[in-house]
**Q** 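Once you've had a glance at the structure underneath, I'll fire off some questions.
Quick note on labels: first sequence line is chain A, next is B, and so on, each numbered from 1. What you see is a predicted model, and the numbers here were worked out from it, not measured in a lab.
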Amino acid sequence: MSLLYLTFLLVSLVCMGTIDARFKLFLFRRPRVALPVVVAGFVLFVVWDLVAIATDMYAKGESRAMTGIDVAPHLPIEELVFITFLTYITGVIHFGFLRLLDVGLLPRAVAEGQGKR
Amino acid sequence: MTYAGLVALFLAASAVPFVAAVLLRRPGRRWWAAQGLTLLALGVLTAVFDSLMIAADLFRYEESHLSGLHVWLAPVEDFAWPLAAVMVVPSLTLLLDRTAGDLPARSQEDA
């Protein structure tokens with residue numbers, strides 16, 4: 001029983017949230033849209049995991065860095081936090097890049113097409 | 001069925017909001033640029049952190065169901081996760097909020 005992996009995930013999640021809050025990128029920019037989107041991504045990846053577990057393709061490892069709390073066979077509680085993190089970081093990175101393109105912090109070649117909508 | 005077969009099913013499902021967003025919202029080139037950059041960034045993060053997670057034995061795959069191709073320790077099949085996330089998250093956001101592909105806050109914040 002260890003909180004190591006769970007702590008890693010939660011700290012990463014909080015750091016991501018801090019960046020999001022500072023720059024108002026995703027959840028802190030349009031919460032009523034971003035929240036259901038994160039939920040939808042969460043559902044997709046949980047179902048993906050459950051099917052992979054049910055078909056014996058994917059299994060929990062024996063790392064001692066986990067709490068040992070499983071929400072379903074082979075589905076540790078940490079995996080739920082990981083899935084939330086993956087979905088959240090995808091939104092933050094996408095809108096982070098949109099912002100960088102907007103403020104001209106990316107090379108002209110990448111930002112090309114600016115305003116051609 | 002191999003894991004790749006399962007992956008194909010979930011990628012097909014993930015493509016639904018993506019195709020819908022592209023057809024209905026017709027996002028501009030900067031949205032596509034952000035998508036490409038996001039996929040690249042998540043791909044690199046997956047190569048690094050999926051490998052670390054496998055090295056730490058946080059999870060395992062039944063090797064006989066895998067293609068055997070790896071990037072460091074990460075099975076190529078695992079790169080379907082960032083791909084699915086990139087197809088689903090920004091696309092659903094764009095479908096729910098048509099301004100989500102527009103220029104972000106600068107015009108409002110600087111005004």
**Q** I'd like to verify something: which residue of Met1(B), Arg60(B), Glu63(B) has the highest number of heavy-atom pairs under 4.5 Å with chain A?
**A**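 Sorted descending by pairs with chain A, the first entry is Arg60(B).
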**Q** Please classify the contact of Phe26(A) with chain B as side chain, backbone, both or neither, using a heavy-atom distance under 4.5 Å.
**A**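 Contact with chain B involves the side chain of Phe26(A) alone.
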**Q** Is the shortest side-chain heavy-atom distance between Phe45(A) and Phe10(B) below 4.5 Å?
**A** no
**Q** Contact part of Ala13(B) toward chain A, heavy-atom cut-off under 4.5 Å: side chain, backbone, both or neither?
**A**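 Neither part.
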**Q** Considering non-hydrogen atoms only, spot the tightest contact between Met57(A) and Tyr3(B) and give its length.
**A** SD-CA, 3.5 Å
**Q** Using non-hydrogen atoms and a 4.5 Å limit, figure out which bit of Ala52(A) sits close to chain B: side chain, backbone, both or neither.
**A** both
**Q** Go through the atoms of Glu78(A) and report whether side chain, backbone, both or neither lie under 4.5 Å from a heavy atom of chain B.
**A** neither
**Q** Taking side chain as C-beta onward, heavy atoms only, is Trp48(A) less than 4.5 Å from Val7(B)?
**A**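 Counting from C-beta outward, Trp48(A) and Val7(B) do come under 4.5 Å.
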**Q** Rounded to the nearest 0.5 Å, how far does CG of Leu37(B) lie from CD1 of Ile93(A)?
**A**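 Taking CD1 in Ile93(A) and CG in Leu37(B), the distance rounds to 10.5 Å.
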**Q** Does a side-chain heavy-atom distance below 4.5 Å link Thr99(B) with Arg30(A)?
**A** yes
**Q** Test your reading of the model: is there a side-chain donor-acceptor pair from Asp57(B) to the backbone of Gly61(A), 3.5 Å cut-off?
**A**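 No.
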**Q** Indicate yes or no: at least one non-hydrogen side-chain atom of Arg30(B) is less than 4.5 angstrom from one of Leu101(A).
**A** yes
**Q** Counting only non-hydrogen atoms closer than 4.5 Å, does Val47(A) touch chain B with its backbone (N, CA, C, O), its side chain (CB onward), both, or neither?
**A** both
**Q** Let me know if Leu35(A) has heavy atoms under 4.5 Å from chain B in its side chain, its backbone, both or neither.
**A** neither
**Q** Could you grab the distance from atom CZ of Phe8(A) to atom CZ of Phe49(B), nearest 0.5 Å is fine?
**A**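 These two atoms lie 8.5 Å from each other.
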**Q** Is His65(B) close to Tyr58(A) at the side-chain level, that is, under 4.5 Å between some pair of heavy atoms?
**A** no
**Q** Considering only heavy atoms from C-beta outward, does the side chain of Leu45(B) approach that of Ile89(A) to under 4.5 Å?
**A**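 In contact.
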**Q** As an exercise, state the distance from OG1 of Thr90(A) to CG of Leu42(B), rounded to the nearest 0.5 Å.
**A**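 Reported value, rounded in 0.5 Å steps: 4.5 Å.
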**Q** Is any side-chain heavy atom of Phe97(A) closer than 4.5 Å to one of Gln35(B)?
**A**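 They are not in side-chain contact.
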**Q** Please check this pair: side chain of Ser63(A) against backbone of Ala56(B), looking for a donor-acceptor N/O pair closer than 3.5 Å.
**A**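 Checked: pair present.
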**Q** Rounded at 0.5 Å granularity, tell me how far NE2 in His74(A) sits from CZ in Phe59(B).
**A** 14.0 Å
**Q** Look at the aromatic rings of Trp31(B) and His94(A) and report parallel, tilted or perpendicular, splitting at 30° and 60°.
**A**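 Trp31(B) vs His94(A) ring planes: perpendicular.
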